[in-house]
Amino acid sequence: MSLLMIGCGKMGGSLLTRWATSTDHKITIINPSLIKAPKGVTVTQTIEELYDQRFDIIVIAIKPQLIETVLPAYRNHLAESGCIISIAAGYSVSSIEKLIGEQAVMRVMPNLPAQIGRGVSALYANSRCSPSQLETAAALTDAVGYTHLATSEDELDRVTAVAGSGPGYAFEIARCWIESAIKLGFSPQTAKDLVLNTLGGSIELAMSSDQSMEALRDSVTSKNGTTAAGLATLMQDSKLETLIESTVLAAYERALALR
Ligand SMILES: NC(=O)c1ccc[n+]([C@@H]2O[C@H](COP(=O)([O-])OP(=O)(O)OC[C@H]3O[C@@H](n4cnc5c(N)ncnc54)[C@H](OP(=O)(O)O)[C@@H]3O)[C@@H](O)[C@H]2O)c1
């Protein structure tokens, strides 16, 4: 299949790196400032360089604010039975349809660990997408990690708030934890090694276990021990729970505002 990716920055680039090696699609990217790409990928800077080419899949990987001005020019570059896959946060299927007409449109919400094949992507397809188009799109998201098939666009926006924006929350939590280790006297490098290995190991253990998070937490907490003392502060007045809940809700509300 022929695939055109419009925009190839942090997220588009992460997907492209994996897609270039794990799929047979003939990939072209268009990005004004980009000159290098993985082997086998065609790079263009302007739409004129596409001449009259039509693509089976057009991936929108530019910032949502640019879509309205950029996308309409690509209408004639979509094959008759082609589909649009947008990775833009919050930008709705109906907003895309307003710009390019009634087409098969999918929204994919990946997250940054896609770069290392450990991403989480939600996939939502409008009713014009065929089962084989959905299968092709799911193969693309499977190539960069775990795929969640969303049954409504609202579900996709909720996945965005939980997983799409999730790496940002994870990095900020890790940053605070590392800062606290530095304050206890460790060098920045040792603090980073201690925290990231603790987080990484705990997450791997949780993923390989059938136990709930509560059970795992309790299994490492002895009465009157050090973990119990730390958790008593962390869980005090459910402040952490409330904070995380409002963090995810704020991201969801932003996704709604971008629709
Ligand atoms: N980053 C994430 O974690 C993440 C996660 C999920 C979804 N997304 C979505 O992915 C999309 C891209 O985000 P990003 O973080 O990858 O942003 P980004 O790094 O800024 O990438 C956007 C790219 O689009 C290029 N571009 C700008 N105008 C263009 C045009 N007219 N034609 C073609 N390319 C153009 C930019 O090139 P220049 O640098 O030359 O301007 C840039 O390389 C957004 O819609 C975002 O919502 C991002």
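Order of appearance sets the numbers: ligands from 1, and atoms from 1 within every ligand.
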Among all the protein's non-hydrogen atoms, which is closest to [atom], and how far away is it?
| atom | answer |
| --- | --- |
| atom 21 (O) of ligand 1 | G9 CA, 3.2 Å |
| atom 32 (N) of ligand 1 | P32 CD, 3.8 Å |
| atom 33 (C) of ligand 1 | I30 O, 3.3 Å |
| atom 19 (O) of ligand 1 | K10 N, 2.9 Å |
| atom 47 (O) of ligand 1 | A89 N, 2.9 Å |
| atom 3 (O) of ligand 1 | M11 SD, 4.0 Å |
| atom 27 (C) of ligand 1 | L66 CD1, 3.7 Å |

Compare [options] and give the one whose heavy atom is closest to [atom].
| atom | options | answer |
| --- | --- | --- |
| atom 45 (O) of ligand 1 | I87, N111, T46, I62 | I62 |
| atom 36 (C) of ligand 1 | L258, V70, N31 | N31 |
| atom 20 (O) of ligand 1 | Q115, Q65, M109, K63 | K63 |

| task | Check each heavy atom of A61 against ligand 1 and say whether those closer than 4.0 Å belong to the side chain, the backbone, both or neither. | result |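 The answer is the backbone of A61.
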
| request: Run the salt-bridge test on R217 and E214 with the 4.0 Å N-O cut-off and return the result as yes or no. | output: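 So R217 does not pair with E214 through a salt bridge.
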
| request: Could you tell me whether some N/O pair between S33 and ligand 1 is separated by less than 3.5 angstrom? | output: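 So ligand 1 has an N or O lying under 3.5 Å from an N or O of S33.
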
| task | Would you check, one step at a time, whether the test side chain to side chain contact (heavy atoms under 4.5 Å, CB included) holds for I178 with L194? | result | CA-CA 8 Å; I178 290 167; L194 290 173; over 6 Å; no

Mind checking the [atom1]-[atom2] spacing from [X] to [Y]? Nearest 0.5 Å is all I need.
| X | Y | atom1 | atom2 | answer |
| --- | --- | --- | --- | --- |
| M106 | I60 | CE | CD1 | 12.0 Å |
| L16 | C8 | CG | SG | 4.5 Å |
| E80 | D56 | CD | CG | 12.0 Å |
| I62 | S86 | CD1 | OG | 8.5 Å |

| task | Could you tell me which atoms of ligand 1, counted from 1 in the order shown, lie closer than 4.0 angstrom to a heavy atom of C8? | result |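 Near C8, meaning under 4.0 Å from one of its heavy atoms, ligand 1 has 23 (C), 43 (O).
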
| message | Could you tell me, atom by atom, which parts of ligand 1 come under 4.0 Å of a heavy atom of P110? | response |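 Reading through ligand 1 atom by atom, the close ones are 5 (C), 6 (C).
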
| request: State whether the side chain of S209 and the backbone N or O of A206 hold a donor-acceptor pair below 3.5 Å, judged by distance alone. | output: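 Judged by distance alone, no pair lies under 3.5 Å.
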
| task | Check for a donor-acceptor pair, side chain of D157 on one end and backbone N or O of A255 on the other, with a separation under 3.5 Å. | result |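 No, the answer is negative, given that no donor and acceptor are paired below the 3.5 Å cut-off.
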
| message | Protein heavy atoms near atom 40 (O) of ligand 1, is at least one of them under 4.0 angstrom away? | response |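 Flag for atom 40 (O) of ligand 1 set to true, protein heavy atom closer than 4.0 Å.
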
| Under 3.5 Å, is there a donor-acceptor pair linking the side chains of E49 and T46? |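 Short answer, yes.
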
| field | Residue pair Y146 / N111, side-chain donor-acceptor N/O under 3.5 Å | value |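 No, because no side-chain N or O of Y146 sits under 3.5 Å from a partner of the opposite role on N111.
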
